[in-house]
Participant: 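Pasting in a structure now, in structure tokens, and then I'll have a few things to ask.
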Amino acid sequence: LTTAPALTVTLTGSTTIAQVNDIVGNYSRLNSGGQIGNLADTAVQQGIGVVTATIAENDMASLAALTATAGAYSISVSDTSVNAAALNTLDGKTTESITLANNAVLTGALTAGGAVDTALSSAGITGIGAISVSSSDANNTIAEVNNIAGQTTGPVTATISETAIAALGGLTDTGNAYTITVADTTVDAAALNVLNGKTTVAVTVNATNITGNLSDIKSAYDANTSGQISGLGNETITVSDTGSISSADLNSLNALTTGVVTISNATTVTGSLSEVVKSYSSNNLSGVITGLSNEAITITDTGSINAADLNDLNSKTTGVVTVNNATAISGTYADVNAAYTSNTSGSVAGLGNESVTISDTTSITVAQANALDTLTSGVITATISSNDIDTLDSLTGQGNAYSITVNDSSVSADKLNTLEAKTTAAVSVTSNTVTGTSSAIKSAYTSTGLTGLGSEAITVTGSVSVADVNIIGGYT
């Protein structure tokens, strides 16, 4: 039996594992006639060197039967779950690259130098740098998952052993499926939000107190509501803002926990009047929300606000309540006057050009209307209780929407014309006699702003032409 140099064999087409094992195991020979026969035949025995072949099988269970290690095998793996240790063994049997399925998940231990670490560092596995990884360990350290996540752009699925928020901040990658439990009794909301961004699995929080800026705390509780964080709902909350906070955020947050919300250092609360009134409600201030009492308040409404609510709010803080953008204010005369009085004294700021609507069912006096007219340049809508022309003549201001009824035995046409110019609403007149110059009387009776005239006696003062007498006579 003669031994010749090792053969380099290239097999064309798709070759089964059994065929490759047979050839590489040197259980066959190439006889002089070019046929493969048994080594017991008398011929030249030649050892097999490198075998180049495309392996027909593509599942890991079948590929495990490849016993030959001297090949340049082109191998494609179709399994969606690939054991890292088995893949490393297969990788050692070929000098060619192994191609994995696009949706393959690499499984195994994540320890440094372990099966997964070895597979990820291989240059012989196509696409390994983008593969998804699933740990087979009960849990993994931060160092272990950081090492693995740093080697693939695919997501890493693992349970993290550390539970302290400070330590968990050491996770360096995002988009992974880490199962995380935060066991600290007090947790900073900002750190919790950052941690939440590093995993696609809901972070379990066992804390009894959440601290931080209001916006960060609200983000954490919103994430809890949406399912990205779990376990929140009964913690005490400590808001650390030293500047301005949003009343809407505060109210929203307060509704998401049964614990007390403490605000110690905020200097300003901003929001719509209804939202701020809710924050400062007697129920909240009785212990649900603590720490509010001396903040400046900025009301953001751009429409109408309620005077009673403004006064109630003003009584609950020693800070200034600023109303810069409201265009209207409504309420009883007492409430509206109180609001503007506070504006004058300085506990309320920003009022002075709003339209005013008085809701009193009993109407207001001329004196009260005049007092309001000095407090705002806006239009005042109110019903005037006074009805004699001389008192009504003392009404100040122009262009207000006063509902006025004149009920006097004798009225001056000139005063009626002056009164009509002070309101955009029609003035109702009931009188026995109208007196005045012909021009004043003609102006009164032709005005669309005076109603009820037509059956009164008319007394014309001064000289009057025949034509005017005829005209005036037609008015009544």
Participant: For Thr344, check side chain to side chain donor-acceptor pair (under 3.5 Å) against everything at least two apart and list the hits.
Facilitator: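 So Thr344 forms no side chain to side chain donor-acceptor pair (under 3.5 Å) with any residue.
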Participant: Suppose we screen for side-chain contact (heavy atoms from CB on, under 4.5 Å). Which residues come up paired with Thr341, at least two apart in sequence or across chains?
Facilitator: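 Applying side-chain contact (heavy atoms from CB on, under 4.5 Å) to Thr341 gives Asn337.
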Participant: Not counting sequence neighbours, which residues clear side-chain contact (heavy atoms from CB on, under 4.5 Å) with Thr174? List them please.
Facilitator: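 Applying side-chain contact (heavy atoms from CB on, under 4.5 Å) to Thr174 gives Lys198.
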Participant: For Asp173, check side-chain contact (heavy atoms from CB on, under 4.5 Å) against everything at least two apart and list the hits.
Facilitator: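 So Asp173 forms a side-chain contact (heavy atoms from CB on, under 4.5 Å) with Ala149, Asn176.
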Participant: Do Ser76 and Asn58 meet the criterion of a side-chain donor-acceptor pair at a distance under 3.5 Å?
Facilitator: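 Asn58 and Ser76 do not have a side-chain donor-acceptor pair below 3.5 Å.
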Participant: Taking salt bridge (Lys or Arg N to Asp or Glu O under 4.0 Å) as the test, write out the residues that go with Asp468, two or more places apart.
Facilitator: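 By the salt bridge (Lys or Arg N to Asp or Glu O under 4.0 Å) rule, Asp468 matches Lys442.
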Participant: Using the test salt bridge (Lys or Arg N to Asp or Glu O under 4.0 Å), find all partners of Asp222 that sit at least two apart in sequence or belong to another chain.
Facilitator: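 Per chain and number, Asp222 pairs via salt bridge (Lys or Arg N to Asp or Glu O under 4.0 Å) with Lys218.
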Participant: Scan the side chains in residues 99-108 for donor-acceptor partners under 3.5 Å anywhere in the protein, sequence neighbours excluded, and list what turns up.
Facilitator:
| residue | atom | partner | partner atom | Å |
| --- | --- | --- | --- | --- |
| Thr107 | OG1 | Val82 | O | 3.4 |

Participant: What ring-ring contact (aromatic ring centres under 6.0 Å, His included) pairs are there with at least one residue in residues 118-138, not counting sequence neighbours?
Facilitator: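 Residue pairs passing ring-ring contact (aromatic ring centres under 6.0 Å, His included), neighbours aside: none found.
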Participant: Just grab all the salt bridge (Lys or Arg N to Asp or Glu O under 4.0 Å) pairs involving residues 409-423, residues at least two apart or on different chains.
Facilitator: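 Output for this query lists Asp390-Lys415.
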Participant: Just one of Ile389, Val411, Asn407, Val406 clears the side-chain contact (heavy atoms from CB on, under 4.5 Å) bar with Ser431, so which one?
Facilitator: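 Result: among Ile389, Val411, Asn407, Val406, Val411 is the only option passing the side-chain contact (heavy atoms from CB on, under 4.5 Å) with Ser431.
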Participant: Pairs in or reaching into residues 441-476: which pass ring-ring contact (aromatic ring centres under 6.0 Å, His included), with residues at least two apart or in two chains?
Facilitator: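 Pairs touching residues 441-476 that pass the test: Tyr445-Tyr475.
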Participant: Do any side-chain atoms of residues 183-192 form donor-acceptor pairs under 3.5 angstrom with protein atoms, and if so which ones, sequence neighbours left out?
Facilitator:
| residue | atom | partner | partner atom | Å |
| --- | --- | --- | --- | --- |
| Asp184 | OD1 | Ile165 | N | 2.8 |
| Asp188 | OD2 | Ala190 | N | 3.2 |
| Asp188 | OD2 | Ala191 | N | 3.0 |

Participant: Mind jotting down which residue pairs meet the ring-ring contact (aromatic ring centres under 6.0 Å, His included) criterion with at least one end in residues 391-413? Sequence neighbours excluded, please.
Facilitator: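 For residues 391-413, and leaving out neighbouring residues, there are no ring-ring contact (aromatic ring centres under 6.0 Å, His included) pairs at all.
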